[in-house]
Amino acid sequence: MWDCVIIGGGAAGLSAGLVLGRARRRTLLVDAGEQSNLAAHGIGGLLGHDGRPPAELYAAGRRELASYPSVEYRTAEVIGGACVGQVFELMSADGRRERTRRILLATGMEYRPPPVPGLARLWGASVFHCPFCHGWEVRDQPLAVLARGETAVHASLLLRGWSDDIVLLTDGPAHISEEEYARLAAAGVAVDERPVTEIVSSHGELAAIAFSDSGRLERRGLMVATTLYQRSSLAEQLGVELAEPTPVTAERISVDALCRTSAPGVFAAGDLGAETPQVAAVIASGSLAAAAVVQSLLADDVGLPVPEWSHHVNA
Ligand SMILES: Cc1cc2nc3c(=O)[nH]c(=O)nc-3n(C[C@H](O)[C@H](O)[C@H](O)COP(=O)(O)OP(=O)(O)OC[C@H]3O[C@@H](n4cnc5c(N)ncnc54)[C@H](O)[C@@H]3O)c2cc1C
């Protein structure tokens with residue numbers, strides 16, 4: 001019987017594993033090894049690791065966990081979970097079954113950028129979803145935003161912080177109001193509504209955007225509106241409630257201030273409960289969630305006072 005099984009070994013899960021190991025909790029960390037930022041050359045904006053290749057950070061995290069004898073790291077995919085009485089049973093794709101007192105979901109999210117030909121090969125480099133992660137690398141360059149509606153206005157004005165030369169590409173009707181057109185024009189953002197047919201690259205970098213009328217727009221960076229979805233049905237199987245969808249996160253898990261989900265015994269950390277997905281933030285939430293797990297176990301074992309399991313999860 002584990003004290004806690006952490007599902008997912010990205011920045012959130014590894015951070016949680018470290019805190020649980022230091023609290024001497026019998027912890028199993030199961031990871032399928034597909035952290036969402038592996039395509040990026042470096043992690044932008046992480047103190048102490050700015051620009052470090054993501055895979056290096058995860059390897060360092062796994063090395064740190066190895067010092068703690070109560071933590072086991074396993075490469076596998078959890079495919080099923082259920083609460084049976086007072087404990088949880090989990091099943092992996094390799095057929096292994098585990099029993100645990102707590103579950104910490106840290107499975108990350110599936111980022112879905114628009115399915116434009118040529119985009120995937122530049123994803124995480126000169127095509128990106130977050131200016132705080134990748135804006136510095138394309139600062140003062142000719143940039144574009146690919147989005148529609150309110151999201152497009154927000155993204156274009158945000159990216160103005162990194163360049164004066166921004167074109168908003170709406171790939172068809174922009175779905176923005178006269179007032180929003182005026183606000184973009186006042187900020188020096190041009191709007192191009194031609195259908196986009198291809199993201200053109202040269203030597204692994206963005207070169208241009210191609211349109212259906214055979215026109216091209218040369219650009220060095222492209223920010224795309226991206227929506228985040230759950231990677232699996234695990235949250236649903238465990239009866240965890242989702243928050244209201246937003247333009248960024250379609251299927252965010254609802255958590256309270258202690259990373260507790262609506263299902264008692266199930267905690268969530270990282271992208272899957274976040275509105276602003278960033279490595280620094282998910283490391284913090286993994287740490288917080290693990291501290292909450294430890295305290296909830298001590299509440300059961302020795303009567304440590306903890307706040308009632310909240311039904312007022314942030315929706
Ligand atoms: C292309 C790209 C570039 C980015 N660049 C930056 C950047 O420069 N700076 C920054 O701060 N943020 C960046 N981000 C955001 C950042 O990567 C995420 O916020 C962060 O990785 C989320 O961490 P996480 O631990 O929640 O999830 P993840 O890193 O996605 O890790 C989740 C892990 O859980 C595993 N998993 C999922 N389901 C299961 C299962 N059923 N069983 C077992 N394991 C499972 C996955 O395989 C994965 O290894 C970027 C995101 C993307 C997509």
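Just follow the structure's listing: the first ligand is 1, and inside any ligand the first atom is 1.
- Between Ala76 and ligand 1 there is a heavy-atom distance shorter than 4.0 Å.
- Contacts of Gln35 with ligand 1, taken as heavy-atom pairs under 4.0 Å, involve both backbone and side chain.
- Contacts between Ala106 and ligand 1 below 4.0 angstrom, taking non-hydrogen atoms only, involve the backbone exclusively.
- Protein heavy atom nearest atom 9 (N) of ligand 1, with residue, atom name and distance: Gly44 O, 3.0 Å.
- Side-chain N or O atoms of Asp31 include none that pairs as donor or acceptor with a backbone N or O of Gly8 at under 3.5 Å.
- At a heavy-atom cutoff of 4.0 Å, ligand 1 is contacted by no atom of Ala39, backbone or side chain.
- Ligand 1 is never approached by Gly45 to a heavy-atom distance shorter than 4.0 Å.
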### Message
Working note: Gln230 + Met109, criterion side-chain contact (heavy atoms from CB on, under 4.5 Å); need CA distance, chi angles, decisive distance, verdict.
### Response
CA-CA 5 Å; Gln230 290 292 312; Met109 295 285 264; 3.5 Å; yes
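- Counting only heavy atoms of the protein, atom 6 (C) of ligand 1 lies nearest to Cys133 SG, 3.3 Å.
- Nearest protein neighbour of atom 27 (O) of ligand 1, counting heavy atoms only, is Gly108 CA, 3.3 Å.
- Cation-pi geometry between Arg112 and Tyr229 is satisfied (NZ or CZ under 6.0 Å from the ring centre, within 45° of the ring normal).
- Residue-level proximity to ligand 1 for Leu234 is carried by the side chain, the only part with a heavy atom below 4.0 angstrom.
- Remark: minimum distance from atom 51 (C) of ligand 1 to any protein heavy atom is reached at His129 CE1, 3.5 Å.
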Side-chain donor-acceptor pairs of residues 134-149 under 3.5 Å, sequence neighbours excluded:
| from | atom 1 | to | atom 2 | distance (Å) |
| --- | --- | --- | --- | --- |
| Arg139 | NH1 | Trp136 | O | 2.7 |
| Arg148 | NE | Thr170 | O | 2.8 |
| Arg148 | NH2 | Asp171 | O | 2.4 |

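- Protein heavy atom closest to atom 39 (C) of ligand 1, with residue, atom name and distance, is Thr107 CG2, 3.6 Å.
- Between Met109 and ligand 1, a contact under 3.5 Å exists for no N or O pair.
- The closest heavy-atom contact to atom 40 (C) of ligand 1, among the options Ile6, Ile7, Thr75, comes from Ile7.
- Atom 35 (C) of ligand 1 has Asp31 OD1, 3.2 Å as its closest protein atom, hydrogens excluded (heavy atom only).
- By heavy-atom distance, the residue among Val282, Thr276, Asp271, Thr226 lying nearest atom 26 (O) of ligand 1 is Asp271.
- The nearest heavy-atom contact from the protein to atom 5 (N) of ligand 1 is His134 NE2, 3.1 Å.
- Between Pro113 and Trp123 there is a side-chain heavy-atom pair separated by less than 4.5 Å.
- Comparing heavy-atom distances from atom 31 (O) of ligand 1 across Ala93, Gly42, Ala268, Gly10 singles out Gly10 as nearest.
- Counting heavy atoms from C-beta outward, Val87 and Met1 have side chains that approach closer than 4.5 Å.
- If you look at Phe128 next to ligand 1, there are no close heavy atoms at all, none under 4.0 Å.
- In this structure, atom 11 (O) of ligand 1 lies nearest to the protein heavy atom Val279 N, 2.9 Å.
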